[in-house]
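If you scroll down you'll find the structure; I have some questions about it.
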Amino acid sequence: MPELPEIEIIKKSLVKMLINTKIIKIKINNRNLRYKIPPQFSKNLIGQKILKISRRSKYLIFHFKKKILLAHMGMSGKLVFTKLNEKKIYKTSFYYNLNLLKKHNHIYFKFNNGLKLIYNDVRRFGFFKLYNNEKLNKINFLKKLGPEPFSKSFNLIYFTNFTKNRETKIKNLLMDQSFVSGIGNIYSNEALFMSKIAPLRKSRSLNSVEIKRLILNIKKILKFSILKGGSSIKDFKNTAGKKGVFQEFFNVYGRNNKKCSRISCNGKIYKIKISGRSSYYCDSCQT
DNA sequence: TTCTTTGTTCCGGA
DNA sequence: GTCCGGAACAAAGA
């Protein structure tokens, strides 16, 4: 479920551990990720120093002197550090809810500071792509992206302009990466619940009060999640083998048939499919 | 055995 | 040309 907050948390950890380190070895067990990893991949990266690591939407961007490595975790990709050997993986990993099978360890990166980074991906929808120092906005994947949710350009006027000639449902709009980038199924459900807006509403039908509320809540909930995840990273022992930290804060996702978690509301949470994705909403306070 | 889950791209129909 | 949403992709757990 890596959406923007999870990727941001991964990025922060990577920055802490890998800036100015050199890749000294790469082992690829399975090249068939979403896009096949070409044979020259390792050769192009070995000996290169990581100068900068950034995030755009759900993409991780590693900057080298002459190359840019673009990474996407897909649906189930995880980056996990291990210092000594794989048996220690559960003790040193910073990611959440780890239950990693070795057979899904597809890539190993070894660094000159002794760290080893493992890319584990059950569904193999993630990818790693190398670019020749192109400008970031020339990369196809990034070109199509809408504004970051935290940016000032993600505002009432932008929302109104984008939706005025569209028929799309608000739930789908929030997950449309060309509208706003980084929100997936979970946070779209949560943001709509928080804003008391029903997921099936036409995005065009929202009034300016609702739009402002929704935009503010999106920014709030993403920041809150980053904060929570970030604080759990500090204590590695707490993350080891423990259930995910994010789902503890879900107010509507996965809560079908339960009572609405809003104290002042007596409604019930329903689960429906919207464009093939599970959508949860309260029949009483979300209108 | 079948359904569900995740993000993105591709493609058909309106 | 644009917009919308279904299908496909992989694998595992219920």
Side-chain angles (χ1 to χ4, degrees), chain A residues 1-11 28-37 55-61 70-79 95-107 119-129 139-146 148-149 159-191 199-205 218 222 225 229 243-247 250 252-257 269-280:
Chain A
M1 60 155 204
E3 300 180 35
L4 187 150
E6 290 79 20
I7 303 300
E8 178 63 22
I9 288 158
I10 294 173
K11 189 209 82 183
I28 304 177
N29 284 348
N30 190 345
R31 293 179 182 273
N32 295 307
L33 302 182
R34 172 135 176 221
Y35 305 110
K36 192 159 187 157
I37 297 174
R55 177 193 63 74
R56 172 79 172 99
S57 183
K58 302 169 192 171
Y59 296 88
L60 287 167
I61 307 161
L70 187 70
H72 194 285
M73 300 294 105
M75 293 179 169
S76 56
K78 292 164 184 71
L79 283 166
Y95 208 54
Y96 56 90
N97 199 18
L98 285 172
N99 184 22
L100 304 182
L101 292 179
K102 197 179 167 185
K103 65 172 169 175
H104 303 306
N105 288 349
H106 304 308
I107 310 178
Y119 180 65
N120 179 291
D121 189 349
V122 172
R123 294 182 181 79
R124 305 209 315 268
F125 283 180
F127 69 80
F128 289 81
K129 252 181 186 284
I139 295 174
N140 262 343
F141 296 98
L142 306 180
K143 247 189 342 199
K144 304 171 194 164
L145 294 173
E148 287 281 313
F159 187 110
T160 311
N161 278 334
F162 195 95
T163 52
K164 66 181 172 196
N165 293 321
R166 293 179 197 244
E167 291 298 315
T168 182
K169 297 169 192 75
I170 184 62
K171 167 84 183 333
N172 286 343
L173 180 80
L174 295 187
M175 293 173 65
D176 178 349
Q177 302 300 303
S178 71
F179 169 65
V180 62
S181 57
I183 300 174
N185 198 35
I186 290 168
Y187 291 104
S188 66
N189 277 302
E190 291 295 324
L200 284 169
R201 283 270 298 279
K202 290 272 170 78
S203 51
R204 218 158 42 124
S205 76
I218 288 170
L222 295 177
S225 286
K243 225 181 155 195
V245 288
F246 304 109
Q247 52 257 47
F250 293 166
V252 69
Y253 185 86
R255 299 193 73 252
N256 44 316
N257 296 321
I269 306 300
Y270 285 82
K271 177 186 179 183
I272 56 170
K273 290 264 181 188
I274 301 176
S275 298
R277 296 294 180 223
S278 294
S279 309
Y280 303 84

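The structure displayed is predicted, hence computed values, not measured ones. Values reported hereafter were calculated over all heavy atoms of this structure, with side chains retained and with hydrogens, waters and symmetry mates removed. Each chain gets a letter, A, B and so on, in the order its sequence line appears, and its residues count up from 1.
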Of the candidates B/dT8, C/dA12, C/dC4, the side chain of A/Arg34 sits closest to B/dT8
Side-chain contact check for A/Lys58: nearest option of C/dC4, B/dG7, B/dT5 is B/dG7
query: Does C/dC4 have OP1 or OP2 sitting under 4.0 Å from an N or O in the side chain of A/Lys171?
result: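 Checking A/Lys171 against C/dC4: no side-chain N or O falls below 4.0 Å of OP1 or OP2.
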Winner on side-chain proximity to A/Tyr59, out of B/dT5, B/dG7, B/dT9, is B/dT9
With A/His106 as partner, the option from A/Asn32, A/Asn30, A/Asn120 fulfilling side-chain contact (heavy atoms from CB on, under 4.5 Å) is A/Asn30
Go nucleotide by nucleotide along DNA chain B from the 5' end; which of A/Gln177 and A/Tyr280 gets its closest nucleotide reached first?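 Whichever sits nearer the 5' end wins; that is A/Tyr280.
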Whole-Å distance separating the CZ atom of A/Phe125 from the P atom of C/dA8: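 Value for this atom pair: 12 Å.
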Spacing of A/Leu33 atom CG relative to C/dA11 atom P, expressed in whole Å:
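That distance rounds to 11 Å.
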Does A/Arg166 have a side-chain nitrogen or oxygen under 4.0 Å from the phosphate oxygens OP1 or OP2 of C/dC4?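 Yes, because at least one side-chain N or O of A/Arg166 sits under 4.0 Å from OP1 or OP2 of C/dC4.
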Testing B/dT4, C/dG5, B/dT9 for proximity to the side chain of A/Ser278, the answer is B/dT4
From NE2 of A/His106 across to P of C/dA11 the rounded distance in Å is 8 Å
Between NZ of A/Lys169 and P of C/dC4 the distance, given in whole Å, is 9 Å
Looking at A/Lys58 and A/Glu3, is there a salt bridge between them, counting it only when a charged N and a carboxylate O are closer than 4.0 Å?
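A salt bridge is absent here (no side-chain N lies under 4.0 Å from a carboxylate O).
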Kindly say if A/His104 contacts the phosphate of C/dA12, meaning a side-chain N or O under 4.0 Å from OP1 or OP2.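 A/His104 to C/dA12 OP1/OP2: side-chain N or O found under 4.0 Å.
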A/Leu173 atom CG is separated from C/dT2 atom P, nearest whole Å, by 18 Å
- [ ] Verify whether the ring centers belonging to A/Phe128 and A/Tyr119 lie closer than 6.0 Å.
- [x]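 Yes - the distance between ring centres of A/Phe128 and A/Tyr119 falls below the 6.0 Å cut-off.
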| request: Ignoring backbone atoms, test whether A/Asn185 places a side-chain nitrogen or oxygen under 4.0 Å from the OP1 or OP2 oxygen of B/dT5. | output: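 So the side-chain polar atoms of A/Asn185 never come under 4.0 Å of the phosphate oxygens OP1 or OP2 of B/dT5.
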When you check the phosphate oxygens OP1 and OP2 of B/dT8, does a side-chain N or O of A/His72 lie under 4.0 Å from one of them?
yes
At under 4.0 Å between heavy atoms, what does A/Asn165 touch on the DNA or RNA strands: base, sugar-phosphate, or nothing?
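It contacts nothing in the nucleic acid.
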* Quick one: A/Arg124 CZ to B/dT8 C1', roughly how many Å, whole number? ->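 After rounding, the reported distance stands at 16 Å.
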Looking at A/Phe141, does the NZ or CZ of A/Lys129 lie under 6.0 angstrom from its six-membered ring centre and within 45 degrees of the ring axis?
no
Between NZ of A/Lys144 and C1' of B/dT8 the distance, given in whole Å, is 9 Å
For this session: Take A/Glu167 and A/Arg204 through the test side-chain contact (heavy atoms from CB on, under 4.5 Å) and record every step on the way to the result.
Result: CA-CA 7 Å; A/Glu167 291 298 315; A/Arg204 218 158 42 124; 2.6 Å; yes
A/Lys273 NZ to B/dC3 P, in whole Å, measures 11 Å
